[in-house]
S.K.: 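Please see the structure below; I have some questions.
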Amino acid sequence: MPVLHTLRRDARGLLLVLLAAAALHTAPAPAAAADEPGWTAGPAAGTAAARPGGARPYFYLEGAPAAVLEDRLALTNTTDQERTVTLRGADAYNTADGALAARPAASGAPGAPGGAGSWFSFGAGATVKIPPRTRAVVPFTVTVPPASPPGDHPAAVIAAEAGREVGVRVHLRVSGPTLAALTVEDVAVRGRGAAAVVAYTLVNRGNVALAPELDVRADGVLGEVPGRGPRTLPVELLPGQRVELTEPWPGAPVLDRVRVRVTVTAPGGARADAAASAWFVPWRAAGRTGLGLLALGGTASAALFLVRRRGPWRRPADGGAPGGPSGKPGATTPAPEHELTGASR
């Protein structure tokens with residue numbers, strides 16, 4: 001008995017050790033701290049486009065051709081080590097789905113040739129060292145070329161360090177006449193039922209950025225079809241840009257032929273529309289019905305073929321069995337010369 005008791009005690013100890021090891025192996029590791037970038041970039045406090053507290057969400061600069069515009073960028077180092085940040089200007093553009101983005105540096109150039117990104121220069125140089133726990137204010141200038149056309153020239157200030165980039169939007173406008181204009185192209189209906197969407201393309205034909213409003217109307221052969229009421233799109237359409245968008249259409253019919261019209265407006269008098277037609281057919285039901293009609297049509301066609309096939313047969317002149325005058329199988333009576341094969345009688 002003492003031996004058995006000892007074995008049980010040892011077994012319980014071994015089991016506790018195994019359970020503890022398993023718990024250590026399976027317990028989730030403590031969440032790692034978020035990768036803190038350690039520095040921020042943004043417009044220095046000012047009055048233009050200011051929010052409560054003096055903070056600006058972006059830069060806004062406007063001037064005539066040949067003007068030199070000035071502003072300041074704030075870089076804040078929140079860590080205990082020095083940061084080295086590189087600055088450059090960049091052109092802003094719309095991605096295919098309408099999002100805003102900044103063009104990458106090309107061959108080390110500060111911006112695309114001739115684009116607004118190439119108009120930037122930084123007073124402290126393109127590379128700035130920020131001491132620990134320090135906020136550095138970097139002045140910069142935008143020199144507008146003399147021949148620059150009027151209107152918006154979207155741009156951004158890009159701050160980069162060790163592969164991380166932060167873009168600060170710059171609303172840059174060259175003084176002069178402005179034109180708000182756009183077109184709607186490539187309207188199409190995709191999907192069916194709850195998954196139906198209206199696809200279309202917007203193109204900014206003017207020289208100012210647009211905040212478009214969309215209205216979708218539909219007319220069906222079988223009656224009124226609900227569309228999509230007017231709403232402002234979550235897109236800022238930059239001059240000269242083209243974006244491909246889709247609008248959910250939960251009110252799409254189940255069975256109808258519909259004419260869909262897309263109308264887009266924007267402040268400044270911009271307005272455009274385009275239309276497309278689409279069939280809505282419940283293909284599963286139509287497929288089952290169509291197979292039945294196909295079978296019925298096939299039977300009718302076979303019967304018609306037999307009737308038409310019997311038409312040219314004629315009884316032999318001698319009253320014998322089908323065949324030639326001799327009654328031998330395979331011998332046929334020549335047709336009169338004025339009859340042509342396949343001609344109606």
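Numbering starts at 1 and runs along the sequence shown.
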S.K.: Is the closest side-chain heavy-atom distance between Thr86 and Arg88 below 4.5 Å?
M.R.: no
S.K.: Check Val168 against Ala41 and note the closest heavy-atom contact, atom names and distance.
M.R.: CG2-O, 3.9 Å
S.K.: If you take all heavy atoms of Gly38 and Thr79, which pair is closest and at what distance?
M.R.: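 Closest approach of Gly38 to Thr79: CA-CG2, 3.3 Å.
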S.K.: Restricting to non-hydrogen atoms, name the atom on Ser148 and the atom on Pro65 that form the minimum distance, rounded to 0.1 Å.
M.R.: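 So the two residues come closest at O-CG, 3.8 Å.
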S.K.: Do the non-hydrogen side-chain atoms of Thr40 and Val166 ever get within less than 4.5 Å of each other?
M.R.: no
S.K.: Just do the side-chain contact (heavy atoms from CB on, under 4.5 Å) check on Tyr60 and Leu172 with the steps written out, would you?
M.R.: CA-CA 6 Å; Tyr60 182 85; Leu172 176 59; over 6 Å; no
S.K.: Assess whether atom CZ of Arg190 is packed by more than 12 heavy atoms of other residues, nucleotides or ligands within 6.0 Å.
M.R.: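 Count not over threshold, so no.
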S.K.: Stepwise, does the side-chain contact (heavy atoms from CB on, under 4.5 Å) test hold for Phe59 with Val142?
M.R.: CA-CA 12 Å; Phe59 294 106; Val142 177; over 6 Å; no
S.K.: Val203, Val198: one ILVMFWY side-chain cluster at the under-4.5 Å cut-off?
M.R.: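 Val203 does not cluster with Val198.
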S.K.: Does Arg242 have any salt bridge (charged side-chain N to carboxylate O under 4.0 Å, His left out) partners at least two apart in sequence or in another chain, and if so, which?
M.R.: Glu185
S.K.: Is there a side-chain contact between Val144 and Val68 (heavy atoms, below 4.5 Å)?
M.R.: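 They are not in side-chain contact.
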S.K.: How close do Leu210 and Ala181 get, counting heavy atoms only, and between which atoms?
M.R.: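 Closest approach of Leu210 to Ala181, heavy atoms only: CD1-O, 3.7 Å.
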S.K.: Validate the cation-pi geometry between Arg103 and Tyr93: distance from NZ or CZ to the six-membered ring centre under 6.0 Å, angle to the ring axis within 45°.
M.R.: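 Cation-pi check for Arg103 and Tyr93: passes.
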S.K.: Just wondering, do Pro43 and Arg72 contact through their side chains at under 4.5 Å, heavy atoms?
M.R.: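 SC-SC contact between Arg72 and Pro43 ruled out.
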S.K.: Any side-chain heavy atom of Pro139 sitting closer than 4.5 Å to one from Glu70?
M.R.: no
S.K.: Which atom names give the shortest non-hydrogen contact between Leu179 and Asn207, and what distance separates them?
M.R.: N-OD1, 2.6 Å
S.K.: Test question: given the 4.5 Å side-chain rule for I, L, V, M, F, W and Y, name all other residues clustered with Leu238, or answer none.
M.R.: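 Leu100, all in the cluster of Leu238.
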S.K.: Determine, step by step, whether Val262 and Leu214 satisfy the side-chain contact (heavy atoms from CB on, under 4.5 Å) criterion, reporting the C-alpha distance in whole Å, the side-chain angles of both residues, the deciding distance to 0.1 Å, and the verdict.
M.R.: CA-CA 7 Å; Val262 175; Leu214 173 72; 3.4 Å; yes
S.K.: Do Leu87 and Ile158 have side chains that approach each other closer than 4.5 Å (heavy atoms only, starting at C-beta)?
M.R.: no
S.K.: Would Arg164 pass as a cation-pi partner of Trp39, given that its NZ or CZ must be under 6.0 Å from the six-membered ring centre and within 45 degrees of the axis?
M.R.: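 Yes.
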S.K.: Working to the nearest 0.5 Å, report the span between CZ of Arg135 and CD1 of Ile130.
M.R.: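 Going from the CZ atom of Arg135 to the CD1 atom of Ile130 covers 11.0 Å.
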S.K.: Which distance, rounded to the nearest 0.5 Å, do you find between the CD of Glu236 and the CG of Asp152?
M.R.: 8.0 Å
S.K.: Counting distance only, does the side-chain N/O of Asn94 pair as donor-acceptor with the main-chain N or O of Val243 below 3.5 Å?
M.R.: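 Absent.
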S.K.: Without swapping roles, check the side chain of Asn204 against the backbone of Leu237 for a donor-acceptor pair under 3.5 Å.
M.R.: yes
S.K.: So, Asp219 and Arg217, do they make that salt bridge, N to O below 4.0 Å?
M.R.: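 Not counted as a salt bridge, because no side-chain N and carboxylate O are separated by less than 4.0 Å.
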S.K.: Checking ring-ring contact (aromatic ring centres under 6.0 Å, His included) for the pair Tyr200/Trp249: CA distance, chi angles, key distance, verdict?
M.R.: CA-CA 13 Å; Tyr200 60 98; Trp249 190 19; over 10 Å; no
S.K.: Side chains of Leu69 and Trp119, heavy atoms from C-beta outward: is any pair under 4.5 Å?
M.R.: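 Side chain of Leu69 against side chain of Trp119, heavy atoms only: no contact under 4.5 Å found.
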S.K.: Applying side-chain contact (heavy atoms from CB on, under 4.5 Å) to Arg83 and Glu161, what does each step give before you reach the verdict?
M.R.: CA-CA 8 Å; Arg83 298 285 183 173; Glu161 184 205 34; 3.2 Å; yes
S.K.: Ion pair present between Arg133 and Glu82, side-chain N to carboxylate O less than 4.0 angstrom?
M.R.: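 A salt bridge is absent here (no side-chain N lies under 4.0 Å from a carboxylate O).
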S.K.: Starting from Leu245, can I reach Val197 by hopping between I/L/V/M/F/W/Y residues whose side chains sit under 4.5 Å apart?
M.R.: no
S.K.: Please confirm whether Arg192 makes a cation-pi placement over Phe280, using NZ or CZ under 6.0 Å from the six-membered ring centre and within 45° of the ring normal.
M.R.: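 Relative to the ring axis of Phe280, which defines the angle, Arg192 lies inside both limits.
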S.K.: Indicate yes or no: at least one non-hydrogen side-chain atom of Asn77 is less than 4.5 angstrom from one of Pro131.
M.R.: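 No; the side chains remain at least 4.5 Å from each other.
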S.K.: Please confirm whether Tyr58 and His171 have ring centers closer than 6.0 angstrom.
M.R.: yes
S.K.: Between the main-chain N or O of Pro248 and the side-chain N or O of Arg228, is there a donor-acceptor pair closer than 3.5 Å?
M.R.: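 Indeed, once roles are kept as given, a pair shorter than 3.5 Å links the two residues.
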S.K.: Can you list everything that forms a side-chain contact (heavy atoms from CB on, under 4.5 Å) with Arg271? Sequence neighbours excluded, please.
M.R.: Thr263, Thr265
S.K.: Is Asp91 reaching over with its side chain to a backbone N or O of Ala155, donor-acceptor style, under 3.5 angstrom?
M.R.: no
S.K.: Looking only at heavy atoms, which two atoms of Ser121 and Thr141 are closest? And how far apart?
M.R.: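 Smallest interatomic distance, heavy atoms only, reads OG-OG1, 2.7 Å.
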